[in-house]
Amino acid sequence: MKKIYIGNLPFTATEDEIRELFGAHGTVHSVALINDRETGRPRGFGFIEVDDNDLQGMISALDGKEMGGRALRVNEAQDKPRGGGGGGGGGGRW
DNA sequence: GTTGAGCGT
């Protein structure tokens, strides 16, 4: 199971839309749209957990897909450590 | 009734 970073999301997008959109191209284990912790406004990006075998398929299939008038940005997430401990990994190689 | 970076508690 891997994580996918979704950016350039429209403020009108919801987890349900993401789940259905990505679920149509693979198995989506969980969907999480990130909104501002202080103001509560949507940040325009989110995360989803998908299977390893469907990760590439979703990225190649939904990356650049238009949603709400804006092109979605799909890429494998970096599994950044949020709650202490651990170190970064991979990343940055574009 | 607003907005736009880009990896979350």
Side-chain angles (χ1 to χ4, degrees):
Chain A
M1 185 143 44
K2 284 187 179 175
K3 288 183 181 176
I4 290 186
Y5 163 81
I6 312 173
N8 205 34
L9 281 170
F11 301 117
T12 57
T14 67
E15 295 136 347
D16 242 356
E17 291 288 346
I18 303 299
R19 182 189 309 182
E20 289 189 24
L21 195 83
F22 283 76
H25 290 274
T27 303
V28 179
H29 289 271
S30 99
V31 183
L33 294 188
I34 309 305
N35 14 301
D36 199 288
R37 184 176 60 92
E38 300 179 9
T39 65
R41 290 186 190 166
R43 265 186 167 278
F45 75 94
F47 287 97
I48 67 169
E49 281 182 316
V50 298
D51 225 58
D52 289 10
N53 47 337
D54 291 334
L55 178 97
Q56 293 293 338
M58 286 190 178
I59 295 177
S60 66
L62 295 173
D63 180 36
K65 189 69 180 175
E66 269 192 21
M67 195 178 203
R70 295 167 185 83
L72 267 57
R73 195 69 65 196
V74 182
N75 221 108
E76 180 177 350
Q78 320 260 155
D79 197 12
K80 280 187 181 176
R82 288 168 279 97
R93 184 182 318 163
W94 285 65

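Order of the sequence lines fixes the chain letters, A, B, ..., with proteins taken first and strands second; residue numbering starts at 1 for each chain.
- Rounded to an integer number of Å, the gap from CG of Asn8(A) to C1' of dT3(B) is 13 Å.
- Glu49(A) is linked by a side-chain hydrogen bond (donor to acceptor under 3.5 Å, both in side chains) to Ser30(A), counting only residues two or more places apart in sequence or in another chain.
- DNA chain B is contacted by Ala32(A) of residues 12-32 of chain A, taking any non-hydrogen atom closer than 4.0 Å.
- Within residues 49-72 of chain A, the residues that place at least one heavy atom under 4.0 Å from DNA chain B are, in residue-number order, Arg70(A).
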Please table the atom pairs, donor to acceptor, closer than 3.5 Å between any side-chain atom in residues 31-47 of chain A and protein atoms at least two apart or in another chain.
from, atom 1, to, atom 2, distance (Å)
Asp36(A), OD1, Glu38(A), N, 2.7
Asp36(A), OD1, Thr39(A), N, 3.0
Thr39(A), OG1, Arg41(A), N, 3.3

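- Nearest heavy atoms, Ile48(A) versus Met58(A): CD1-SD, 4.2 Å.
- Ala71(A) approaches Gly64(A) most closely through the heavy-atom pair CB-O, 3.8 Å.
- Judged as a side-chain hydrogen bond (donor to acceptor under 3.5 Å, both in side chains), and not counting sequence neighbours, Thr14(A) has no contacts.
- Residues passing the side-chain hydrogen bond (donor to acceptor under 3.5 Å, both in side chains) test with Asp51(A) are His29(A), sequence neighbours excluded.
- Considering only the side chain of Arg37(A), dT9(B) comes nearest among dG8(B), dG6(B), dT9(B).
- Because its glycosidic torsion is within 90° of 0, dG6(B) is reported here as syn.
- The interatomic distance linking Asn35(A) (CG) with dG4(B) (P) rounds to 17 Å, in whole Å.
- Contacts classified as side chain to side chain donor-acceptor pair (under 3.5 Å) and involving residues 65-74 of chain A (residues at least two apart or in different chains) are not found.
- Taking atom CD on Gln78(A) and atom P on dC7(B), their separation rounds to 8 Å, with Å as the unit.
- To the nearest angstrom, C1' of dA5(B) lies 13 Å from CG of Leu9(A).
- Pairs engaging residues 15-28 of chain A under the side chain to side chain donor-acceptor pair (under 3.5 Å) rule: none recorded [sequence neighbours left out].
- Taking atom CG of residue Leu33(A) and atom C1' of nucleotide dG6(B), one finds them 14 Å apart after rounding to whole Å.
- If you take CZ of Phe45(A) and C1' of dT9(B), they are 11 Å apart, rounded to a whole angstrom.
- Regarding Arg73(A), its CZ atom lies at a distance of 12 Å from the P atom of dA5(B), rounded to whole Å.
- Between Arg41(A) and Ala77(A), it is Arg41(A) whose nearest contact on DNA chain B lies nearer the 5' terminus.
- Here the nucleotide nearest the side chain of Phe47(A), chosen from dT9(B), dC7(B), dA5(B), is dC7(B).
- Closest to the Tyr5(A) side chain, of the nucleotides dC7(B), dT9(B), dT2(B), is dC7(B).
- Rounded to whole Å, the distance from CD1 on Ile6(A) to P on dA5(B) is 19 Å.
- In the hydrophobic clustering of ILVMFWY residues, with side-chain heavy atoms under 4.5 Å counting as a link, Tyr5(A) and Leu72(A) come out apart.
- The side chain of Phe11(A) approaches dA5(B) more closely than any other nucleotide in the set dG8(B), dA5(B), dT2(B).
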